[in-house]
Structures are given as C-alpha cells and as structure tokens.
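A, B, ... follow the sequence lines: proteins, then strands. Residue 1 opens every chain.
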Amino acid sequence: MTERLIFHIDVNSAYLSWESVRRVENGESDLRLIPAVIGGDPKKRTGIVLAKSIPAKKYGVKTGEPMAIALRKCPELVSAPADFRLYDKCSKAFKEICRKYAPAMESFSIDEVFLDMTGTSGIYPDPEAVAADIKNEIKDKLGFTVNVGIGRNKLCAKMASDFEKPDKVHTLFPEEIPEKMWPLPVGDLFTVGKASAGKLMRAKIMTIGDLAHTDVKVLQKILGMKQGIHIYRYANGLDDDPVQEVPESAKGYSAETTVEENLEDLESINRMLLAQSDIVAARMRRDGVKCRCVAVSYRTVEFKNKSHQRKLLHATDVTAEIFETARELIRESWKGQPLRLIGLALTDLDDGEYEQLSLFEDRRKEKLRKLDQAMDSIRGKYGNASIQRASTMNTISKVGQKYQAQHENERKSEH
DNA sequence: CTCGGCATCCTAT
DNA sequence: CTAACGATAGGATGCCGAG
C-alpha cells in the first residue's frame with residue numbers, strides 16, 4: 001500500500017461554537033455573530049482567551065492572550081466562561097458522526113480528528129464530496145461548522161484544514177504544495193512555534209518554501225538534530241505518521257494551579273500540593289497505574305519557572321506517599337520567593353500490580369491504601385467536585401499528618 | 001563512551 | 001510605551017556523574 005488518503009477535521013472556534021449552539025437552543029443570541037470569546041473572568045482581569053468568534057478576530061483578538069489585552073483591543077467584547085461538561089458532550093457527538101464515514105479514526109484532541117479514508121474510493125469516489133457530506137451532516141445535526149483538510153498524510157491534511165475558515169473543505173495534495181503551502185510563513189508549519197520561528201527568521205528563512213529548500217544540515221544546526229529533520233520533511237509535505245485508532249496510554253499525570261493571591265509561605269504551598277496530590281493520585285488509581293517519579297514545579301511572580309523531581313524507590317498510587325514526596329521536593333527547592341503558580345506531576349508510570357515490600361512497609365501502606373479507596377468511593381458516590389475537594393482535603397490532610405508522624409517515629413527508632 | 005537522572009525549553013490544543 | 005498570561009501533555013536537549 002503506497003498512497004494514503006487522510007482527512008483532518010477541525011471544529012471552527014470549538015468552545016465558542018458549542019456555547020453558541022447551547023444559547024441558540026435556549027432562544028438566546030448567537031455569540032458567533034458578534035465579537036465574543038470564551039475565557040477567564042473579565043472582571044478579575046485574569047485568565048486568557050480560549051476561543052474567539054470571527055468578529056472578535058477582526059479586532060485582532062488572539063487565542064491564548066490575556067483577557068485584559070483582548071478587552072483593550074475590543075472594549076465591547078462579550079465573554080463567556082468555559083464549560084467542559086458541555087464541550088465533552090459536543091465532542092462526543094461530533095466524533096460519532098465522523099467515525100461513521102471512516103475505516104479508521106484518530107481522536108487528536110477535544111475538537112479534532114484524523115480519518116484514514118484509504119481504500120474508500122469504491123464507496124466514496126470523490127474525496128471532496130464525502131468531505132462536504134461529513135461537514136454538512138455535522139452542521140445540520142449538531143448546529144456547528146467544521147473545516148475538513150484532505151491530503152496524502154496527516155501533516156498535509158492538518159495544514160489544509162487550517163486554510164480558509166469556517167465551514168470549508170480544502171485539499172493539499174503533493175502537486176499543490178508549492179502553490180498552497182510554500183508561500184506561508186514558517187510559523188504556520190505545524191510544530192514550528194514562536195521560538196523556532198524566531199530562530200529561523202534570524203537565519204533569513206521566512207517561508208515554508210524557504211524551509212523546504214534549505215539544506216537539512218543547516219536546519220539541524222538551527223533547530224537541533226531531531227527537529228531539524230522533522231521540519232525539513234514537513235516543509236516538503238512528507239509524513240509517515242499513521243492514523244492511530246487506539247490512543248497510547250498516558251505517560252504522565254499533572255495538575256497545576258495559578259493562584260489569585262501569591263503563595264508566600266510553605267503552609268499555603270503545601271496545602272495546594274496536598275489537594276493536587278489527591279487529584280492526580282485518584283486519577284492514577286482510576287486508571288490502575290502507579291508512578292515512580294514525582295515532580296513539583298512552580299512559577300515566581302517574575303515568571304521564572306522551576307522544577308524539582310525525584311525517582312521513588314517503588315511505584316505508588318498512594319496519595320499520602322505522593323504528597324510526602326512533593327512536600328520534601330518543594331522544601332528542598334523553594335527559596336521563599338512569592339509564587340503565582342504551583343504544580344505537581346507524576347511520571348515514569350507503571351501498570352504492573354507487582355510490588356516487593358517488606359512486611360513492615362506493607363502493613364504501613366495498607367492503611368493508607370484503604371483510606372484512598374474509601375475516599376475514591378465517596379468521590380464516586382456523592383457530590384460535585386468542589387464539595388468533594390473541600391471535604392477530601394480535610395481528611396487527606398489528617399492522613400498526611402499521620403503519615404508524617406509515623407515517619408518521625410521510624411527515623412527515631414533507627415537511632 | 002554510554003546511560004540514567006535531572007532541569008529546562010519548546011510545542012500543541 | 002511595555003507588559004499583561006491557563007491547564008495539561010509529550011518530546012527534545014544539554015549537563016553531569018557513574019560505570
């Protein structure tokens with residue numbers, strides 16, 4: 001099999017479209033028709049733009065920028081808060097329709113899929129026609145629009161879906177690459193972000209066409225060994241990455257929080273880490289995995305990021321154990337600067353059930369594990385997230401203290 | 001020299 | 001005039017010390 005046929009489908013302004021559909025169903029006005037965004041609380045002047053309407057784009061509002069900037073560009077900007085429950089529902093409905101048409105589908109993000117349409121020419125002789133059918137079925141049944149990109153690989157399909165929006169089908173076949181892709185600025189190429197674009201432009205490499213015609217070795221010198229090759233191949237429309245129906249299992253779990261008021265003392269920081277330990281450890285238990293590495297990360301008010309990590313002697317999914325490690329890590333690393341963000345990441349995952357512990361350790365951990373189980377089941381049975389979190393934090397906090405107290409005793413008895 | 005461990009940087013939605 | 005700013009995840013890279 002040589003020639004593939006790949007579609008990339010992308011929901012136009014996903015969060016904003018989905019919020020708009022809900023409002024229109026409730027007889028409210030359509031945010032897509034006015035300058036509007038999904039984003040943080042504009043009163044607090046915090047948070048960033050997650051999605052924007054096309055009218056908002058005309059004011060220069062950009063995804064990812066702080067709400068304060070967006071509001072300055074467009075004072076009458078309407079904003080709505082994010083609602084991930086709704087997004088999850090819309091995402092599932094969207095993907096269900098896409099799936100019907102394709103032998104294989106890869107769910108790439110909440111609002112994007114790749115379809116491997118290779119070998120469907122019997123049923124669908126015209127790729128652009130079936131793409132239009134998919135797009136229209138989504139619009140008619142669900143009320144929002146998508147872009148469909150068509151190519152011989154994922155990269156070209158993805159680049160094509162990003163061309164003119166909304167509600168469009170575009171192709172990017174090999175013979176169209178010089179005309180449709182090469183004139184674009186380097187930063188438009190998938191995986192060329194701000195930093196790489198800056199380096200390339202300093203080397204007078206301005207367009208994707210320039211990239212395609214630059215010696216790989218030169219690109220490797222500028223961007224590094226891996227990224228150099230990668231970008232060179234992308235710029236020439238080359239990509240072998242298969243459409244993966246089955247997602248790879250997670251490689252890590254993390255939680256991070258930007259706080260309203262700077263964190264200035266260890267107790268407040270530890271309280272955050274405890275809540276985060278609880279959340280990420282519960283997620284690991286739900287998925288039946290354990291971690292061997294714990295990392296804390298933080299951001300100072302000057303936007304300096306730091307992280308500190310440690311391997312564990314054995315894999316764990318026990319909240320109190322993870323929190324204990326996090327507590328040590330932050331104590332070792334934090335020098336007292338005020339923090340605007342604190343985070344916890346668990347990596348080096350392991351789904352094995354085996355664990356060799358001494359009888360002594362085993363007995364100690366058994367209690368902690370039971371507490372985790374009890375709280376997981378409470379979480380499953382009752383209440384919404386905020387209530388859970390408040391009550392869990394209290395309980396866990398006590399567990400953490402007990403755990404610490406036991407450690408104290410062990411250390412003492414060693415001497 | 002190679003490898004694991006670690007900190008940092010980069011990119012995506 | 002400038003800076004202003006999320007959560008989560010995955011990958012690359014450079015450095016260092018051990019074997």
What nitrogen or oxygen pairs link the protein and nucleotides 8-12 of chain C at under 3.5 Å?
from, atom 1, to, atom 2, distance (Å)
C:dT8, OP2, A:E256, N, 2.7
C:dT8, OP2, A:E256, O, 3.3
C:dA9, OP1, A:R283, NH2, 2.4
C:dA9, OP2, A:S254, N, 2.4
C:dA9, OP2, A:S254, O, 3.2
C:dA9, OP2, A:S254, OG, 2.7
C:dG10, OP1, A:K251, N, 2.9
C:dG10, OP2, A:G252, N, 3.1

With nearest nucleotides of DNA chain C determined for A:L50 and A:G228 from heavy-atom distances, which residue corresponds to the more 5′ nucleotide?
A:L50
What's the spacing between [X] [atom1] and [Y] [atom2] if we round to 0.5 Å?
{"X": "A:I54", "Y": "A:I34", "atom1": "CD1", "atom2": "CD1", "answer": "13.5 Å"}
{"X": "A:S20", "Y": "A:R32", "atom1": "OG", "atom2": "CZ", "answer": "5.0 Å"}
{"X": "A:C291", "Y": "A:K311", "atom1": "SG", "atom2": "NZ", "answer": "10.5 Å"}

Please give, in whole Å, the distance from [N] [atom2] to [X] [atom1]?
{"X": "A:F303", "N": "C:dT2", "atom1": "CZ", "atom2": "C1'", "answer": "14 Å"}
{"X": "A:L344", "N": "C:dG6", "atom1": "CG", "atom2": "P", "answer": "19 Å"}
{"X": "A:D348", "N": "B:dG5", "atom1": "CG", "atom2": "C1'", "answer": "10 Å"}
{"X": "A:K52", "N": "B:dT13", "atom1": "NZ", "atom2": "P", "answer": "11 Å"}
{"X": "A:H230", "N": "C:dT13", "atom1": "NE2", "atom2": "P", "answer": "11 Å"}
{"X": "A:Y15", "N": "B:dA12", "atom1": "OH", "atom2": "C1'", "answer": "12 Å"}
{"X": "A:K221", "N": "C:dT13", "atom1": "NZ", "atom2": "P", "answer": "15 Å"}
{"X": "A:K95", "N": "B:dT13", "atom1": "NZ", "atom2": "P", "answer": "13 Å"}

Is any side-chain nitrogen or oxygen of [X] closer than 4.0 Å to OP1 or OP2 of [N]?
{"X": "A:H308", "N": "B:dC6", "value": "no"}
{"X": "A:R340", "N": "C:dC5", "value": "yes"}
{"X": "A:K194", "N": "B:dC10", "value": "no"}
{"X": "A:T191", "N": "B:dC10", "value": "no"}

Answer yes or no for A:K73 and A:Y59: cation-pi contact, defined as NZ/CZ to six-membered ring centre under 6.0 Å and angle to ring axis within 45°.
no
Cation-pi, A:Y298 ring and A:K306 (6.0 angstrom, 45 degrees):
no
Just checking [X]: base, sugar-phosphate only, or nothing, at a heavy-atom cut-off of under 4.0 Å?
{"X": "A:K158", "result": "sugar-phosphate"}
{"X": "A:T63", "result": "nothing"}
{"X": "A:E112", "result": "sugar-phosphate"}

Among [options], find the nucleotide with the atom closest to the side chain of [X].
{"X": "A:R72", "options": "C:dC5, C:dA4, B:dA7", "answer": "C:dA4"}
{"X": "A:A195", "options": "C:dA4, B:dT11, B:dC6", "answer": "B:dT11"}
{"X": "A:K311", "options": "C:dC5, B:dT13, B:dC6", "answer": "B:dC6"}

A:Y15/A:F84 aromatic ring centres below 6.0 Å
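They qualify: ring centres under 6.0 Å apart.
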Centroid-centroid under 6.0 Å between A:W334 and A:H308 rings
no
Can you spot which of A:N12, A:N136, A:D167 makes a side chain to side chain donor-acceptor pair (under 3.5 Å) with A:T145?
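With A:T145 as partner, A:N12, A:N136, A:D167 yield a single side chain to side chain donor-acceptor pair (under 3.5 Å), made by A:N12.
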How far, in whole Å, is B:dT13 from C:dC5 if one measures between their P atoms?
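About 23 Å, rounded to a whole number of Å.
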